[in-house]
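Structure, as structure tokens:
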Amino acid sequence: MTQLPTSTEKKLGLVIDLDTCVGCHACVVSCKGWNTENYGAPLSDQDAYGSAPVGTFLNRVHSYEIQPDQGPAQLIHFPKSCLHCEDAPCVTVCPTGASYKRVEDGIVLVNESDCIGCGLCAWACPYGARELDQAEGVMKKCTLCVDRIYNENLPEEDRQPACVRTCPAGARHFGDFSDPDSNVSKLTAERGGMDLMPDQGTKPVNKYLPPRPKDTWEDIDILAPLLEPVAENAGGLLGWLDKTLEKL
Amino acid sequence: MHPAPSIIFFTVASGLGFGMMFWLGIGAPTVIGFNAFLFYLVAYALAVGGLISSTFHLGNPQRALKAFTQWKTSWLSREGWLSVVTLSVIGLYAIAEIFFYTRLIPLGFLGAVLALASVFATSMIYGQLKTVPRWNQWTTPVVFLAMSLGGGALLAGQILPAIVLIVMAAIAVILAWITGDKAFDRAGHTLSSATGLGTDGAVRAFEPPHTGTNYLMKEMVHVIGRKHATKLRVIGMILFALLPVVLLLLSANHVTGAIAAVSHIAGALTIRWLFFAEAEHVVGLYYGKR
């Protein structure tokens, strides 16, 4: 059903810490791996070993540079996957009912056996979270690893999305935003978690933690004078070398 | 946005077909018997041909019938319903005219209204998308409806309405270009607003997520062809409106009418190509592009 639920029992989603992400792309690889081997159509590649490889990914890591007015530039790694929006525009445009938002946990999913591959949901998403698989002709998107998080065959520590489980930096957190005491709600409150493109009115569930302020160059200068060269004029062998080379 | 030929052909052809059905439905021209058959043949070939063409870009066209289920929220689904109902109503009206030499006038008017509603639904598939500011404005349905009515009048041989409506459609298209050129900036989307990183300084896309391209960039970050947009706008306008209107004003007969129609359709295809090629999706921002 493409009518969005007025409210969901849980609001499962991710917090992505832009301060912590080191841009290793491990989440991209683990996502591709899990979602190729498990639920739904595999995430195909085309011309994988050729000159123009392309493929379906549910999670991609961009890198941006922030150049402040003063001080050094900062590099921000920016993982982007489905934000499981409360007002998901991708769901309402779907003509077949393949796209839906679950009432029980708010996860936005695609029923692949109903998807005609028209691509309109990908057009409606401002975040580029949906990609049409070129081999299967169906729309693929982040499932929040719905086949892991409730999977009792897995050890309890593995019952979270593959990207969260694999992140070596702890930059991704999974939890229920409807619970104000959950880890994700606390992190969002403490660190000023933000929405992407709030002006699009999508009310994303996933939040991004902005990078923390960095040390400035002036701070480094406290120690810098102590590190300056002690002897300006070299003696001994180096002094002889210096003089000889000057003469050449 | 990627200007897929199947979608350009679909929107232009079905627009013209439904436009013709509007005029035939209101009895302009009033046709009967074999003459009526020829008119409806053209109208149905355009409308049905366009609709079939629209299924060519689907990943799984064998499931296309499922697209009728979500009319409550989806403009694409509503378009499917309205098209089928229009084709059925006008079909009955046409059968009465062709085989029974009878004009079921109320049915014709109902069909005419439905034909316009179908075109409106098509336009709203694009007009509803907040992610494409150039489309997400009132001009989109106005342009689609005006182009359909003008082109339909031309193909239905309604000279005076055709001249007036094609000129009006041309004005609507030019207005859409003027407001559309500023739409993206007016919506206020930038790389810093998209990433939320703009508070501490200028944001620049440093490195893309992958070395090659991807589905999103192919589909939504189409930059080829925008280069010649100005030239194509002029060419499109000459073919769409100027040449047909001048021809019809000089002398309206079957030869000038046919040339005018061919020119008008070529112009409409050019304008519709630009509608897609010039449209910028906000997702391009994440890739440092527009």
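Since this is a predicted model, take the numbers as computed values, not measurements. Throughout, protein chains are lettered first and strands after them, A, B, ... in sequence-line order, and every chain is numbered starting at 1.
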Heavy-atom pair count under 4.5 Å with chain A, highest-scoring of [options]:
{"options": "B/Tyr286, B/Trp71, B/Phe206", "result": "B/Tyr286"}
{"options": "B/Met217, B/Gln62, B/Lys218, B/Lys130", "result": "B/Lys130"}
{"options": "B/Gly212, B/Gly288, B/Gly196", "result": "B/Gly196"}

Does the side chain of A/Val54 come within less than 4.5 Å of B/Asn214's, by heavy atoms?
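No; the side chains remain at least 4.5 Å from each other.
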
Do B/Leu76 and A/Cys118 have side-chain heavy atoms sitting under 4.5 Å apart?
yes

Chain A contact via [X] - side chain, backbone, both or neither, heavy atoms under 4.5 Å:
{"X": "B/Ile125", "result": "both"}
{"X": "B/Trp135", "result": "side chain"}
{"X": "B/Tyr126", "result": "side chain"}
{"X": "B/Leu129", "result": "side chain"}
{"X": "B/Met1", "result": "side chain"}
{"X": "B/His281", "result": "side chain"}
{"X": "B/Gln128", "result": "side chain"}

Side chain, backbone, both or neither: which part of [X] has a heavy atom under 4.5 Å from chain B?
{"X": "A/Val138", "answer": "both"}
{"X": "A/His25", "answer": "side chain"}
{"X": "A/Tyr127", "answer": "both"}
{"X": "A/Pro126", "answer": "both"}
{"X": "A/Cys94", "answer": "backbone"}

Check: [Y] main-chain N/O paired with [X] side-chain donor or acceptor under 3.5 Å:
{"X": "A/His62", "Y": "B/Ala205", "result": "no"}
{"X": "A/Glu131", "Y": "B/Leu216", "result": "no"}
{"X": "B/Thr131", "Y": "A/Trp123", "result": "yes"}
{"X": "B/Gln70", "Y": "A/Thr2", "result": "yes"}
{"X": "B/Asn60", "Y": "A/Glu136", "result": "yes"}
{"X": "B/Lys66", "Y": "A/Ser113", "result": "yes"}
{"X": "B/Ser74", "Y": "A/Val93", "result": "yes"}

Heavy-atom pair count under 4.5 Å with chain B, highest-scoring of [options]:
{"options": "A/Gly55, A/Pro95, A/Gly117", "answer": "A/Pro95"}
{"options": "A/Ile76, A/Asp195, A/Asp114, A/Leu120", "answer": "A/Asp114"}
{"options": "A/Gly137, A/Ala122, A/Ser63", "answer": "A/Ser63"}
{"options": "A/Val61, A/Asp69, A/Asp133", "answer": "A/Val61"}
{"options": "A/Pro198, A/Pro53, A/Cys115, A/Gly201", "answer": "A/Cys115"}

Which heavy atom of [X] sits nearest a heavy atom of [Y], and at what distance?
{"X": "B/Thr195", "Y": "A/Leu196", "result": "O-CD2, 4.0 Å"}
{"X": "B/Ala194", "Y": "A/Met197", "result": "CB-CE, 3.5 Å"}
{"X": "A/Pro211", "Y": "B/Leu197", "result": "CD-CD2, 3.7 Å"}

Residue pair B/Lys72, A/Gln3: steps toward the side chain to side chain contact (heavy atoms under 4.5 Å, CB included) verdict
CA-CA 8 Å; B/Lys72 280 185 188 166; A/Gln3 281 162 295; 3.7 Å; yes

Donor + acceptor pair across side chains of B/His189, A/Gln200 (<3.5 Å)
yes

Assess whether side chain to side chain contact (heavy atoms under 4.5 Å, CB included) is satisfied between A/Arg60 and B/Tyr287, documenting all intermediate values.
CA-CA 11 Å; A/Arg60 294 183 186 264; B/Tyr287 291 88; 3.9 Å; yes

Go through B/Tyr215 and A/Gln46 one step at a time and tell me if the side chain to side chain contact (heavy atoms under 4.5 Å, CB included) criterion holds.
CA-CA 11 Å; B/Tyr215 166 75; A/Gln46 282 71 41; over 6 Å; no

Show the numbers, then the answer: is there a side chain to side chain contact (heavy atoms under 4.5 Å, CB included) between A/Thr96 and B/Arg63?
CA-CA 9 Å; A/Thr96 66; B/Arg63 301 200 273 256; over 6 Å; no

